[in-house]
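A, B, ... follow the sequence lines: proteins, then strands. Residue 1 opens every chain.
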Amino acid sequence: MNYWLVKQEPTVYSWDNFYKDKSTEWTGVRNFQARNNLRAMAKGDEVLFYHSNVGKEVVGVAQVSKEAHPDPTANEGDWICVTLTPKTKLKNPVTLVQFKDDPVLKLTPLIKQSRLSVMPLTEPQFRRVLKLAASSRE
DNA sequence: GCCAACGTTGGC
DNA sequence: GCCAACGTTGGC
């Protein structure tokens, strides 16, 4: 089992859109490193859903329901997408500030490589996010 | 709205 | 193969 984090601008496609859709093709990735991460996803892997620009917080957990297949929105080039399905909405979203303040989470690519849109997380990092999401932030 | 970081493109 | 120019992402 591997763990991942994907970014999306909520003004383009928010967690609520995703949740209503029940499932979505994660298309449009046009960065080699992000693509390689998509390709490494296995069915059942858990994926954190992060809202970039607006919110700047992890809002939910998704699951890979279909592994890498050709991205239908790509006219040329070797681009792929995966299918994601919403799993759970976080009780308390975990913000970028919380990532920066946390000794475990500040080592994630979200902080160290801020422009990458699909990134791997270690199991401790993933668990840390869920833990922060479960505890309230006064 | 600005700008830093970073990826891509194209001239040489 | 280098590097300047340019475009994009995303935080502030």
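In this structure, the side chain of A/Asn17 engages the main chain of A/Ser14 through a donor-acceptor pair within 3.5 Å. No side-chain donor-acceptor contact under 3.5 Å links A/Asn2 to the backbone of A/Asp45.
Note that NZ of A/Lys112 is 5.5 Å distant from CG of A/Leu107, once rounded to the nearest 0.5 Å.
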Between the protein and nucleotides 6-11 of chain C, which nitrogen or oxygen pairs are less than 3.5 angstrom apart?
from	atom 1	to	atom 2	distance (Å)
C/dT8	O2	A/Arg115	NH2	2.9
C/dG10	OP1	A/Lys7	NZ	3.3
C/dG11	OP1	A/Tyr50	OH	3.0
C/dG11	OP2	A/Asn53	N	2.9

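When each of A/Val129, A/Val59, A/Asp102 is paired with A/Val94, the side chain to side chain contact (heavy atoms under 4.5 Å, CB included) condition holds for A/Val129 and for no other.
In this structure, A/Ser114 has no side-chain contact (heavy atoms from CB on, under 4.5 Å) partners at least two apart in sequence or on a different chain.
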